[in-house]
K.L.:
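A single structure is presented below for examination.
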Amino acid sequence: MDPRRPTHRWRAAGRVDIAAVACRIAPSILSADFAALAAAIETVKPETDLLHVDVMDAHFVPNLTIGPPVVRSLRRHSPDIYFDCHLMMDNPASFLDDFKDAGANGCTVHVEIGGTDDLIAQMRELGLDVGLAANPDMPFDAVEPFLDKIDLLLLMTVFPGFGGQAFIADVMPKVERARAEIDRRGLRVALQVDGGINEDTLPVAAKAGADTFVAGNAIFASADPAREVQELRRRCMVTV
Ligand code: DX5
Ligand code: ZN
């Protein structure tokens with residue numbers, strides 16, 4: 001497969017190699033109209049590589065969003081999309097099987113909460129793709145020991161909790177370091193950035209080595225969300 005050619009569709013059934021192609025765009029439904037989520041997803045579906053679902057517990061982050069029941073409903077509506085569930089939670093261990101059962105393909109837990117080895121083992125056992133996230137102020141050394149056990153590394157480019165925040169460019173040296181280490185070890189780990197990604201900041205992150213881009217506000221606040229996804233992908237493709 002041409003590594004630059006994005007696969008626009010992710011199979012819900014079966015194992016999907018989430019590091020197989022460059023320039024994956026992950027629309028974040030956090031910025032969509034929660035009263036019309038299915039319609040919002042419909043608008044971007046043909047262009048969506050991963051659908052990013054932000055789960056916030058009001059403890060790990062100062063905001064409260066959605067959980068497994070909503071994922072289950074969305075799964076019924078969208079059987080073919082890859083659901084990338086970003087768990088901004090203190091106790092994801094208690095909910096991982098619910099997310100899997102509801103239709104998540106991959107879950108991402110934060111390294112800040114600890115117990116990472118056990119959480120990785122639990123996700124593997126459940127057959128979930130394994131994501132590990134780090135906030136902007138976490139050093140690369142905090143995630144480095146887990147690199148060969150995960151499918152996706154999420155380096156936050158905002159402090160999580162809310163959509164529409166400004167991209168923190170200071171995270172880019174960490175992205176560069178992660179890219180170098182992933183390549184040096186020949187790992188198939190998706191390198192995701194999340195927060196403040198738009199037409200201007202995406203190329204900055206792509207240049208640093210990110211290959212998977214979460215975007216909420218840039219996509220769902222635009223007049224034509226599908227076109228915006230295309231444009232974000234185009235900007236990645238011309239950068240890498
Ligand atoms: C932030 C969330 C993000 C958020 C990104 O806490 O993890 O996924 O939806 O939104 P934008 O793209 O608007 O910064
Ligand atoms: Zn997120």
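Just follow the structure's listing: the first ligand is 1, and inside any ligand the first atom is 1.
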K.L.:
Please state whether the rings of His110 and His86 are parallel, tilted or perpendicular, taking 30° and 60° as the class boundaries.
P.N.:
parallel
K.L.:
For Gln192, run the side chain to side chain donor-acceptor pair (under 3.5 Å) check against Asp211, Thr157, Asp84 and tell me which one passes.
P.N.:
Asp84
K.L.:
For Met156, take its heavy atoms, then give the atoms of ligand 1 lying under 4.0 Å from any of them.
P.N.:
7 (O)
K.L.:
Judging by distance only, is a nitrogen or oxygen of Gly196 under 3.5 angstrom from one on ligand 1?
P.N.:
yes
K.L.:
Can you name the atoms of ligand 1, numbered from 1 with element, that are less than 4.0 Å from a heavy atom of Pro160?
P.N.:
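Ligand 1 atoms under the 4.0 Å threshold to Pro160: 6 (O).
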K.L.:
In Å and rounded to the nearest 0.5 Å, what is the OG1 to CE distance from Thr108 to Met123?
P.N.:
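One gets 7.0 Å once the value is rounded to the nearest 0.5 Å.
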K.L.:
Within ligand 1, which atoms have a heavy atom of Met56 less than 4.0 Å away?
P.N.:
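The atoms of ligand 1 under 4.0 Å from a heavy atom of Met56 are 6 (O).
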K.L.:
Among all the protein's non-hydrogen atoms, which is closest to atom 10 (O) of ligand 1, and how far away is it?
P.N.:
Gly163 CA, 3.6 Å
K.L.:
Should you measure from each heavy atom of Met88, which atoms of ligand 1 turn up under 4.0 Å away?
P.N.:
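Heavy-atom distances to Met88 below 4.0 Å select 6 (O), 7 (O).
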K.L.:
In plain terms, say whether Arg185 and Glu181 are close enough for a salt bridge, that is, a side-chain N and a carboxylate O under 4.0 Å apart.
P.N.:
yes
K.L.:
Please say whether Gly164 places an N or O atom under 3.5 Å from an N or O atom belonging to ligand 1.
P.N.:
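It does: an N or O of Gly164 is found under 3.5 Å from an N or O of ligand 1.
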K.L.:
So is there a nitrogen or oxygen of Gly216 less than 3.5 Å from a nitrogen or oxygen in ligand 1?
P.N.:
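By distance alone, the answer is yes.
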K.L.:
Using a strict cut-off of 4.0 Å, indicate which atoms of ligand 1 neighbour a heavy atom of Val214.
P.N.:
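Near Val214, the atoms of ligand 1 are 8 (O).
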K.L.:
Taking 4.0 angstrom as the limit and counting only heavy atoms of Ala215, give me the atoms of ligand 1 inside it, by number and element.
P.N.:
12 (O)
K.L.:
Can you find a heavy atom in the side chain of Val229 that is under 4.5 Å from one in the side chain of Pro27?
P.N.:
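Yes, at least one pair of side-chain atoms sits under 4.5 Å.
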K.L.:
Number the atoms of ligand 1 from 1 as they appear, then name those within less than 4.0 Å of a heavy atom of Gly195, with their elements.
P.N.:
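Checking each atom against Gly195, I get 14 (O).
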K.L.:
Counting non-hydrogen protein atoms only, what is the nearest one to atom 1 (C) of ligand 1? Give residue, atom name and distance.
P.N.:
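It is Phe162 O, 3.6 Å.
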K.L.:
Ignoring hydrogens and angles, tell me if any N or O in the side chain of Asp57 forms a donor-acceptor pair with the backbone of His59 under 3.5 Å.
P.N.:
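Checking the backbone N and O of His59 against the side chain of Asp57, a donor-acceptor pair under 3.5 Å is found.
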K.L.:
When you measure from the heavy atoms of Gly161 to every atom of ligand 1, does any distance fall below 4.0 Å?
P.N.:
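True for this residue.
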K.L.:
Suppose we measure from atom 5 (C) of ligand 1 to each protein heavy atom; which comes out shortest, and what is that distance?
P.N.:
Asp194 OD1, 3.4 Å
K.L.:
Given atoms NE2 of His52 and OD2 of Asp194, what angle do they subtend at the Zn ion (ligand 2), to the nearest 10 degrees?
P.N.:
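Approximately 100° at the metal, rounded to tens of degrees.
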K.L.:
May I ask you to decide whether Arg124 forms a salt bridge with Asp151, counting only side-chain N to carboxylate O separations under 4.0 Å?
P.N.:
yes
K.L.:
Kindly confirm or rule out an SG-SG distance below 2.5 Å between Cys23 and Cys236.
P.N.:
yes
K.L.:
Can you find a side-chain donor-acceptor pair between Asn198 and Arg235 that sits under 3.5 Å?
P.N.:
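Note: Asn198 and Arg235 side chains miss the donor-acceptor criterion.
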K.L.:
Need the ligand 1 atom indices (1-based, order shown) with element for anything under 4.0 Å from a heavy-atom of His52.
P.N.:
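Those atoms are 8 (O).
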K.L.:
If I consider every N, O or S atom in Asp54, which one ends up closest to the Zn ion (ligand 2)? I only need its name.
P.N.:
OD1
K.L.:
Please tell me whether His52 and Asp54 have a donor and an acceptor in their side chains that are separated by less than 3.5 angstrom.
P.N.:
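Their side chains do contain a donor-acceptor pair, which is all the 3.5 Å distance test asks for.
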K.L.:
Tell me which N, O or S atom from His86 is the closest to the Zn ion (ligand 2).
P.N.:
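This turns out to be ND1.
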K.L.:
Are Val189 and Phe146 side-chain neighbours, meaning at least one heavy-atom pair lies under 4.5 Å?
P.N.:
no
